[in-house]
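Below, each value reflects all heavy atoms present in this structure, side chains not excepted, and no hydrogens, waters or symmetry copies.
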Amino acid sequence: MTPDPTRPATAPAGAALDLAAEDAKLLVLARSARLRAHVPDGRRAEGAALRDTDGRTYAAATVGLSRPELAISALRAAVAAAVSSGARRFEAAAVVTEGDEIASDDLATLAEFGAGVPVFLGGTDGVARRRATS
């Protein structure tokens, strides 16, 4: 899906972003992935899903480890899975978390493969609330 510049980057309080069907599917996949997060260190459990330009999707969850510097965010894990499968260009991504922002390091990881990829941030209820770009 190509980004729609007419859509707001942040939904008004209590409102959801209006997403295309394929982008909404990413949120469903990210929400499901979040349930598989490994966070014994107490960090936030996150799920992410990523769609490449061929329409393939990749989902991943946070991998928290006893040494925080070795932990892997959900979006970085999804990028790693996609790149390991041969993908190099991406259309869109989604992250489901309790947090209010997508980590700048996560966006930078995605930007290594192209700037301007929309990343939708959804709450644990799976509703998209914000949009960022790589």
Interatomic distance, Thr124 atom OG1 to Leu35 atom CG [nearest 0.5 angstrom]:
10.0 Å

Are Asp100 and Arg129 ion-paired here, with the side-chain N under 4.0 Å from a carboxylate O?
no

Heavy-atom count around Arg89 CZ within 6.0 Å, excluding the residue itself: above 12?
no

If Ile, Leu, Val, Met, Phe, Trp and Tyr residues are connected whenever their side-chain heavy atoms lie under 4.5 Å apart, and connections chain through other members, are Val63 and Leu110 in the same group?
no

Minimum-distance pair of heavy atoms, taken over all atoms of Ala49 and Leu26:
CB-O, 3.4 Å

Single-linkage hydrophobic cluster, 4.5 Å side-chain cutoff, Ile102 and Phe113 together
yes

Report whether Leu75 and Tyr58 are members of the same hydrophobic cluster (ILVMFWY, side-chain heavy atoms less than 4.5 Å apart, transitive linking).
no

Checking Thr97 side chain against Glu46 main chain: does a donor-acceptor pair fall under 3.5 Å?
no

Nearest heavy atoms of Phe90 and Thr53, plus distance in Å
N-CG2, 4.0 Å

Are Leu29 and Phe120 connected into the same hydrophobic cluster when the rule is that any two of I, L, V, M, F, W, Y join if their side-chain heavy atoms are below 4.5 Å apart?
no

Tell me if a side-chain donor or acceptor on Thr133 pairs with a main-chain N or O of Val117 at a distance below 3.5 Å.
no

Do side-chain atoms of Ser134 reach the backbone of Gly114 as a donor and acceptor pair under 3.5 angstrom?
yes

Can a donor-acceptor pair be found, under 3.5 Å and without considering hydrogens, that links the side chain of Arg51 to the backbone of Ala93?
no

